[in-house]
Structure formats: structure tokens, C-alpha cells
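Only heavy atoms go into these numbers, but all of them, side chains included; no hydrogens, no water, no symmetry mates.
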Amino acid sequence: MDKTFQPADIETRWYTTWENAGYFAPSGEGSPYSIMIPPPNVTGSLHMGHGFQEAIMDALIRYHRMTGCNTLWQVGTDHAGIATQMVVERQLEARGTNRHELGRDAFIDKVWEWKEESGGTITRQLRRLGSSLDWSRERFTMDPGMSAAVQEVFIRLYREKLIYRGQRLVNWDPALHTAVSDLEVISEEEKGHLWHFRYPLTSGDGHLTVATTRPETMLGDTAVAVHPEDERYAHLVGQTITLPLTGREIPVIADDYVDREFGTGCVKITPAHDFNDYEMGRRHDLPLINILDDDAAINEQAPEAYRGMDRFDARKQIVADLDELGLLEKVDDHTLKVPRGDRSGVVIEPYLTDQWYVDARTLAKPAIAAVENGDIQFVPKQWENTYFAWMRDIQDWCISRQLWWGHRIPAWYDEAGNVYVGNDEASVRSENNLDASVVLTQDEDVLDTWFSSALWTFSTLGWPEETKDLATFHPSSVLVTGFDIIFFWVARMIMMTLHFRDEVPFHTVYVHGLVRDAEGQKMSKSKGNVLDPIDLIDGIDLESLVQKRTAGMMQPKMAARIEKATRKQFPEGIDAYGTDALRFTYYSLASTGRDIKFDIGRIEGFRNFCNKIWNAARYVLMNCEGEDCGQDAGSDFELSLADRWIIGRLQETEAEVAKAIAQYRFDLASQAMYEFVWNEYCDWYLELSKPVLWDDEASDAAKRGTRRTLIRVLEASLRMMHPLMPFITEEIWQTVAPLAGKTGDTIMLQPYPVADESAVDNAANADIEWLKQVIVGVRTIRGEMNIPPGKALDIMLSNGDDNDKDRMTIHAPALRKLAKLESITWLENTESAPVSATALVGNLEILVPMAGLIDKDAELARLGKEIEKLGKDLSRIEGKLSNASFVDKAPAEVVAKEREKLAEQQAAMEKLREQEQRIQAI
RNA sequence: AGGACUAUAGCUCAGUUGGUUAGAGCGCUACCUUGACAUGGUAGAGGUCCCCAGUUCGAAUCUGGGUAGUCCUACCA
């Protein structure tokens, strides 16, 4: 074995072996356990957040596989309609063409080509992360089977009147030329202006003043509204104004939606270009005048002067024109929320179009109930509130997208505009008795990607056919996801699955935090702070990282900024840490918080942990290979106190880990493992094994017992850690397992260790605790007195009881080795003790004679420090116990505990003072 | 505007039903290449548990009120 752990060599080797051997597939035995991967965008690539999520799922999957479950981790990707279409359109643009020149079919072919070309990135990354996905069942949302499911769902919902088509205001993205759902619009505060315009009364009796942030929409105004109880304007209600620039006569209406305090208290109403105005328009039966086209330029409904102008140019022009007419009263600076498309970044227009909608309100009812009654549980539970808040006020879901890449809506129109929904044109004709003379054209639009993702848990398993997989693995066990897609995806899956399967899609939703960079910033391409998990696994030099982060940047200024930040944050590039270290880092960060700041510093510590495991294994193998490790039946071996102690600690750790995993607390699980392996097994047990193995006096049975424990505890620890660190554990296990009497081709399919409480030996624990304290006592004196580590000491023990004396005898070899002692002497008579530095273990005093080693002042200073510390503690306890109400009201056991503590510390204090006096007397 | 979450060591974070001497990793200081490991060992320093009030014998923990930050939802043109 190499002296240091080299992850690169072993990772791909093991992954290939596992995959080829078919270990990732369900075993077909045991109770089913399944997780459906949140499908990543097939043409995208995984970032740190994905890596985190995959790591958690893989740990759950590997853990349950080892506990004997029939385990399925369903893999797949989605087609990411808008994102993918955008990428391909950009490619076309670079070649000086566009999708319209290409035509729909040719364009879709291009997208498929791109999918084939780039689709490997994700799956490659997933493999590098060690994800034990069942690749044989890989799905893609645009595959024929899944497309059939989408179609089936659409048609059934349409027939149940839960999907309808209607002309309404939608969020229109003028750059992408498609409607988007509410969730795809991000509203953020931006600086703007509030323009005050005078609208002259038709009667000629002056004017009223309206305030607006969007002057260009005035071309579509069809009313001015005031509050019904606003006395300032009461007399105007019912009159009309003559809309400037258009000359249209429009009414002044009263509606209590108007806020009297804001602006002038008069609101211009543009029902075709504002969601609130639209509602008001319906209440007052106002006409809708659409003044924009698909590009958000002014259309032919507007006065000629403005036609064809972009909305923002039109704004300037209109303001200028009104100013010229003397109708611009004033312009105030104003901060307002501007809605932008999350993909395109352009300002979204409320726009009147025909779209398809899902009646979300109806579907939401059972979906709310399923969480209320506990059929689905969120972890952490507080996310249920987020879910409820949204679901109880859910809006109908606009599912049509004016794109070419996606599931085409199975609806046909005749020339009269009648809609027929069905599987294909032929069935539509036959179902509706339409002969060949009727011209039918299919709806041009496709469905929102989330519409197909909403079917993910059951469509991946073969639905609408009632497959065996569906019966076995649905509902899935747990959904692992980030809170940012609770609405997008989780809620919609619950709605669709309950409706079509009459069962929940999953029993538990584990909501993890979002990975952010070291500054707490969200990782995003545009900020240039994304990290590819593979770069942490393999490492990357600075130049490559800079290039990767700035590639494809539209704005050179942005690229320069990103380059600077990257050079500052990673001056040396990124080291190769290996998958196991990366994964372990993820787990250590997986607590209940919402943000996970990924600090590169943390991963280094866990790489060191891997190295520690590696070297511990090296030590164990050096001592066990070719030796009798006591595995044979009837073997004569003897377990020492240390053996019994570490075996017990392993059981306790196993119990802790099991509990943590059951609660999805991978931070606690990983910490328990780390602590056990490093701070107990390596720091103490391996050290305690040395005096036995290297002692010529020790019996063969004792040595066998030690080797047996070394190897068995290591072997079990590897199994325990395997779900979190698959590669290093497999690599080591292959060599270790046979020595521990285990057989099997892979650690992956070995039983997960289960804690055996009966193997916890409290007597051994107490003994080792004593031993550790004595060793630490000597070391502390050594450290603080600056006694060279190489200097072997002669120490004495005094004031102990028979138990201490026995322990001294039993543990003498360990003490000598670990505390580097020349000799240990038991003092019956304290009087005869030489002047010494001392440490206490209970009542037992450890004496390190000072002659030639320790100077008086240093020891006095040390004692003074101890006395001060103890004194503080003592007075606190005394205070507590002298408080009558504490003694009266606190539980008896708490009081007793305090009393006991007091007695102990008083005794210790007395010893320290005596010692202080003795030293002072020198 | 409503709601949620967060605030603990220089940094990143744990801290169960109130009962502790408040922990871990990283970083820091000193010493050490001893036969698994310098990606290491040993010892150590470092905290007003955001602030105020309350409940309680007892509060990092519970309640109320502040402050700061993050996020979500809804929005006033």
C-alpha cells in the first residue's frame, strides 16, 4: 500500500467494476426502497448543489441496500424546454441562421443532436461522484414512454375539465416569445420613475392627474379609477376624460382597489397590460386594448406615430410628447419591482394570449390533505408551512409554451377554431366524426417541462401501464430536493400523482439547504462563482479554472471581474481531493440549515481523514497479514480491556450513526464516524495495540485477541462508512475482509453493521477511561513543563485505592509506551514522596518527580492556573447548593449530582493546595 | 405589507425533553520526523452563546420585545 491515499487510481476502477457487475440494480429481495432522482437538465452540467444532493441520495441508497432493502435509485434527465432551446438557438445564431429558417422539424433534429452530444456530461459526472444509480433504467422526459404518459395525462385532464384553454393575461417573455409561469418570473426592486400625467376631462372642466411607472401603456388605457370614498374625486366619477395622444374618450370609475394615499389617488387602467387592471376591467366591463406585439413593440392598435416602436423607445417618446402638450406634471424617482424572466432576464409583459391552463385549485385540495394528514412528511417539518402557504392560494398553472422543444400539445383545431383533443389526428377525426374534408391543424405549442417532471415518480416506472416496477417501487420512499423547487416540482408531483395514481409520490420530502460559495453567495454562472464538483475531485489549475468560468461570457467586463475574483479566491487553483473527501465534506455540512457555505478549507480536513483511514489500515494490515487473527472457530484468543472497550465504542457509534441517518442528519452521522475512527480507533486503540503486539512477554492468545479486534473493528468500520465514502472503503475492504473472516465480492452488498448493545462493556470503558486520564495527566505535565517528548520519565502513583493499584499493574505496559515512562512506582506512603509535579485522576495522584526536570516557578504557575479554574467551579457549585430553593425544588438526582461533584472537587482542591505548599517550601 | 429562517471561538458549524466545566473541524501558538500516517503526533490559547426584559431553583436552550442578516409570498399604479 502507498504511504498516502491516492484516490484517483481507485475511483474509476471501482465504479466500473460495480456498474459492470450490476450491483446498482434492485436485488429483488427485501422490502422496497426507492428514490427518484430529481432529473437534471440533460444538456446541462452538475454544480456543487447537485453534487451535494446526489451525495445524500447515494448515502441513503447505499445504506438501505446494505440493510437488505430491495433498492432502486431511478436515474434520468429532463429536456429543459426553454434552457435547451435557447442554447441551440444561440448555436444557430452563431452560424448566422435561426430556427425559423431551419423549420420546426429540422430544428428539433438539431436539438436532439445537441442532446446526444452534451448528454454525456451529466451521466459522467454522476458516475464520478460514485452515485449508485441503476443505469439500466435510465429515463429521459422526451423518451417515447414518458411522452406517452404526458399525452395520456393531458388528454385525461382535458376530458375531466381540469385542463382548459383560455385567453388571459399571461407572463410573456418578449425575448423568448413564450408565455412563462408565475414561478419563472423573478421580481426584484429596481430604480425607476413615477410619471404624473394630466388627463383632460372631456367636459373641458380641467383635468385629473394620474401617476404611472409605465407611460407607454397609456395608449391602452380604457379608464381612470378613483377610490369610491375619495371626496376629492367623487364629482368626477361617471364623467369621462379624453385620453391624450389617442383622443379616446374613457370613463372615470370608482373602485376600492385604488389606494387614496398613493400618487394622486387616480389610477390609469390598462386592462390588457396589467394584472390588477385586468381584474378591474372585468369588474367594470372595460374593453381590453392590446397595444403590443410579440416583441413587445407597439402594434397597430396604437396611433400611427408609435407603431413599431420598442416599448422602451415608445416610453421616451410618449413622455416627450405629453411634456410638449403640457400634460407632464412631474417626474419622481421611484423604486419598483420589475418582473424579469428567470431565463432571458428581460422585463416580462403581462400579455393577452390564448394559453392552456391546469386547474390547480382542484388538484391542490387532495395534495394539501396528503401533507396535513401525514401521508407525506417534510423534513425539516417547517417546510410544510411553505408548502401550505403556496398551495392554499394556488393560481391556475399556465402549461403551454410557445417553443418547439418539448411535448407538443395534443390538440387540433378546425378552420372554425373548434378544439379537439386526442392522441393523434386520426383518432381525433374518428372520435369526432370529422372526415377528410375538415382541415385540422395541430396546436403549435409545447408543454411546460415541469408538466412532464410532475409525472416523474410514476412515469419512470412504466405508467400508464400497471407494471411490476410500479407496484413494487411506487410510492417512492423519499424525495431529496432543495427548497427552491418545492413549488415548481414537489407540489406539482404531489398533485399529479395523487390524481392519477390515487397514492402519494413519496412518503418523505427531505429538503436540504442550498450550496453557496464561501461568501454565502448563491452559485451562478453569471456571477462566475460556480464550482464543478469534478474539479474538487480531480483538482484544476488556476488558468483552466479561470477559462472555465469565463467561457462564453457575453460581456468582457463581467469576464474580467470573474477572472479577478477567481484568481483571488484560488490563487493556487484547486487541489485534487478525491470523491470520498468531497462527499464526506458534503455530509458534514448537511445539517438543518438553509444555506450551506462551501468553504474549500473544509474539504482538506476530510482528505486528511481519508489518509488517516488509509494509514490506519496500513498499520492493521502490517500487523495482521500472514498472522493468526483468531478468526477460526475454536481459536484461542483473549480480549483485553482495550479490545473490549473499542468493540463497545464501535457499537455505540453504530447506534449513533443509525439514529442520525434515520433523521437525515448526515452531519451527525459523519461526525460520529470521524470521531470514532480518528479520536478513538486511531488515537487510542491502535496505540494501545502496540504494547501488546510488540511485547515479547505477551501471550499468543492476547496477541491473537488484539489482531482479531484490530481487523474486525476496522472491517466493520469500513462497512459503516461505506455509504458515505464508497471508494476508499471498498479498496481497503477487499484486503481487510478475508482477514476478518468475511467473504464477498464487494463491500457494497455486505450487511450494514448493526449495533449490539450487549457488546458495550462498561467496566472496560471505565478502565480505559482511567488509563487515558493517567496518560493525559503525564503528557500535560510534560507539555507544560517543556520536558522533551523523548525523555522517559519515572513516575509514582499515590493515594490510590486497590482498584487503582490493579489498573496500574494491568496497564503498566500501555502506560510505559503511551506516556513514555521509564518506571511506575506505587507509593503506599505519601510521606515518602519526592517533590513532584502532580496530576489528579479522581483521588489518585500522579507524581512526576521534579529533580532535574521541572522548575519550581513553572510548576507553581501551572498549579495556580489549576487552582483558579477549580476555584471558580467550586464557588459556582457551592452557590447552587447553598441556595435553598435549588435544593428544595430541583430533582433529587440533580442535587445529588451536584453534591457529588462538590465533594470531588473539594478533595481535588485540597490536593492542589497541599501540592502548592510543598513546592513553595522548596 | 405578511410570513419563515438565522445570529454560539478568528472562520465554517454542532449543541436532544431547560440540569455542562458550552463542543467539533479549520486556522492560531509551542514542542516533536518514536518502527500506520508531517495529508502526522503531543500540549495549549481562544466564547458577554446578538441585545433587553420575563418565566424558572436553574436559560445558549422556553416566552415577549428589539437589532442585524437571509429568504419566500403578495404588492400601490
- Task: Quick one: the dot-bracket string of RNA chain B, using Watson-Crick and G-U wobble pairs with both distances under 3.5 Å, [ ] for crossing pairs and | for bases paired to another strand.
- Result: (((((((..((((.....[...)))).(((((.......))))).....(((((..]....))))))))))))....
- Quick note, A:Arg594 side chain, CB onward, closest among B:A77, B:C5, B:U12 is B:C5
- For the side chain of A:Asp595, counting heavy atoms from C-beta on, which of B:A77, B:A14, B:U70 is nearest? B:U70
- Which letters describe nucleotides 34-41 of chain B, given B = protein heavy atom under 4.0 Å from base, S = only from sugar-phosphate, - = neither? -BBBSBSS
- Between B:C13, B:G25, B:A77, which one does the side chain of A:Tyr674 approach most closely? B:G25
- Got a salt bridge between A:Lys865 and A:Glu868, using NZ or NE/NH1/NH2 to carboxylate O under 4.0 Å? no
- Task: Just say parallel, tilted or perpendicular for the rings of A:Tyr587 and A:Phe584, cut-offs at 30° and 60°.
- Result: perpendicular
- A:His273 side chain N/O closer than 4.0 Å to the phosphate oxygens (OP1, OP2) of B:A77? no
- State whether A:Thr213 places a side-chain N or O below 4.0 Å from either non-bridging phosphate oxygen (OP1 or OP2) of B:A77. no
- Determine, for A:Asp230 against A:Arg232, whether the closest basic-nitrogen to carboxylate-oxygen distance falls under 4.0 angstrom. yes
- Atom CZ of A:Phe487 and atom C1' of B:A74 are separated, to the nearest Å, by 12 Å
- Query: Atom CD of A:Glu893 to atom C1' of B:G58: distance rounded to whole Å?
  - Reply: 15 Å
- Message: Could you tell me if A:Arg392 sits above the aromatic ring of A:Phe388, with its cationic atom closer than 6.0 Å to the ring centre and no more than 45 degrees from the axis?
- Response: yes
- Message: Walk me through whether A:Tyr619 and A:Ser689 qualify under side-chain hydrogen bond (donor to acceptor under 3.5 Å, both in side chains).
- Response: CA-CA 11 Å; A:Tyr619 168 81; A:Ser689 75; 2.7 Å; yes
- Measure from the side-chain heavy atoms of A:Lys865 and tell me the nearest of B:A77, B:A45, B:C72. B:A45
- Note on the structure: Per atom distances to the A:Arg665 side chain, the nearest of B:A77, B:C72, B:A14 is B:A14
